[in-house]
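First the structure, in the form of structure tokens, and then the observations on it.
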Protein chains: 2
Amino acid sequence: MATPPSSREKILEVAEALFAQRGFAAVGMREVAGAAGLGKSSLFHHFRSKAQLYYEVLGRVLSRIQGRLDAPLRTAADPMERLQGWVDALIDALAEHPTSARLLLRGLFEDHDLAKAPPEAEQAERVLARILQQIHRLLREGVEAGTFRPVSVPDTVQTLIGATVYHFASGEIGEGLLGGTLFSADAVRRRKRELRVLLHDGLAAAVATPTRRNP
Amino acid sequence: MATPPSSREKILEVAEALFAQRGFAAVGMREVAGAAGLGKSSLFHHFRSKAQLYYEVLGRVLSRIQGRLDAPLRTAADPMERLQGWVDALIDALAEHPTSARLLLRGLFEDHDLAKAPPEAEQAERVLARILQQIHRLLREGVEAGTFRPVSVPDTVQTLIGATVYHFASGEIGEGLLGGTLFSADAVRRRKRELRVLLHDGLAAAVATPTRRNP
DNA sequence: GTCTATAGCTAGATAGAC
DNA sequence: GTCTATCTAGCTATAGAC
């Protein structure tokens, strides 16, 4: 933990911040190099192209997030509790590194010209697909078990993404609404609580869950 | 309506499509010109700079959306019904032009260097602020009237944005989840229905609304 | 592994003919 | 109002010395 980061790690670090804030096209390799304390050409020793650097950054972030989402899905709790745990874990993951949500949101809605995508793009794609597949399966289970209403599962996945990823990616607009940073312990706690209740009351089947508001 | 569009309108039209799909930085004036059937220099006769063109496109989209959102807020219905009407109208607006949501999402979370923003940026900003202020006020009213739970109003605004704008901006990912286009009449109807129930059950105060599911 | 130098290209923006 | 030509500056990427 005290070892200084290698050049490669340092580059990934600063590139993550820059790509998250301004996106792929608006960031130049020269700027990344400067922020990493290197000459521009040194970047091309560590990464074949700008696209490879980008997808390696994106893959790292996705893996970091994915690593947090396995545990809450593996519990034996009922679907509603597993969903709550999944959302909490996702929020924790997004809140831990303020760059994650922006990068992820870009990765989600930006369409990367698959024509000139480097092989690293596939790995990122796979991690993302796995995350989406897991939450999709959980929702389907919950509907089939009668824990959730008969919702449209894909629509609900979309709502979950919007409610988590967009929120923490919203930058100035979100902070203007909230009246402060999105990432303070208070703001994160409140976000979890708000979504917990909204999802509980909004997704629970009508008769099977007469109680309201989980603690 | 049969009059051919002026060059200016044609430019705004094609620029909207390009900016929506790939973002400000990734689109060149040369490309916009080509798509509009003009030489690059002709663009600079109609627009002082790329930034001005971008903000004029964004302002147009925001105004188009804002124009749909006034009516449902001015009815005398209770807050829950006005909210449902607002969400339906927003979804209709976003679904009508598939470029709107992507452009709006970019405008929401991309941070535009305010240093070099043209005066046109302020107008877009004002329209956006007005939209956010109106929905904020409606939610606050509903909470104070006891129609809604005592939710965090800013968090709920964020959730509403995520559930609408992100959904229709999600492109390939969203279509992969849905298994088809986001913009078919069926998909739009389903989106409205899903959000209607989620918001009704998820936001309604506990005792005041014993019934579930609006028709 | 880092550097200087540079290739080859495209960007946004301007000048001025028509 | 549209064009050709051009400016300056930036870009990704490579070559090759150290």
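Chain letters run A, B, ... following the sequence lines, proteins first, then strands; residues in each count from 1. The analysis underlying the following values was restricted to heavy atoms, covering all of them including side chains, and did not include hydrogens, waters or symmetry mates.
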- Message: Protein within reach of the bases, or only the backbone? For nucleotides 13-18 of chain C, mark each nucleotide 5' to 3' as B, S or -, using heavy atoms under 4.0 Å.
- Response: BBB---
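Looking at B:Glu110 and A:Arg106, their side chains come closer than 4.5 Å, going by heavy atoms from C-beta outward. When side chains are defined from C-beta on, B:Leu105 does not count as touching B:Ile161, because their heavy atoms never get closer than 4.5 Å. Taking the side chain as every heavy atom from C-beta outward, B:Leu108 and A:Tyr166 approach each other to under 4.5 Å. Using a 4.5 Å heavy-atom threshold, the side chains of A:Leu132 and B:Ile173 count as touching. Within the 4.5 Å cutoff, no side-chain heavy atoms of B:Leu203 are placed close to those of A:Asp201.
Between B:Arg30 atom CZ and C:dC9 atom P the separation is 11 Å, expressed in whole Å. To the nearest angstrom, P of D:dC3 lies 10 Å from CG of B:Leu43. Atom C1' of nucleotide D:dT12 and atom NE2 of A:His45 are separated by 18 Å, given to the nearest angstrom. One interatomic measurement links the two molecules: CD of A:Glu31 to C1' of D:dT12, which rounds to 15 Å at whole-angstrom precision. Whole-Å rounding puts the B:Glu9 CD to D:dG1 P distance at 13 Å.
For A:Phe24 and A:Tyr54, the gap between ring centers is short of 6.0 Å.
Contact annotation: A:Ser7 side-chain N/O to C:dG1 OP1/OP2 distance is not under 4.0 Å. Phosphate proximity of D:dT2 to B:His46: present, with a side-chain N or O under 4.0 Å from OP1 or OP2. Remark: B:Ser42 is not in phosphate contact with D:dG1, judged by side-chain N or O atoms under 4.0 Å from OP1 or OP2.
Among the atoms of the strands shown, none is found under 4.0 Å from any heavy atom of B:Val32.
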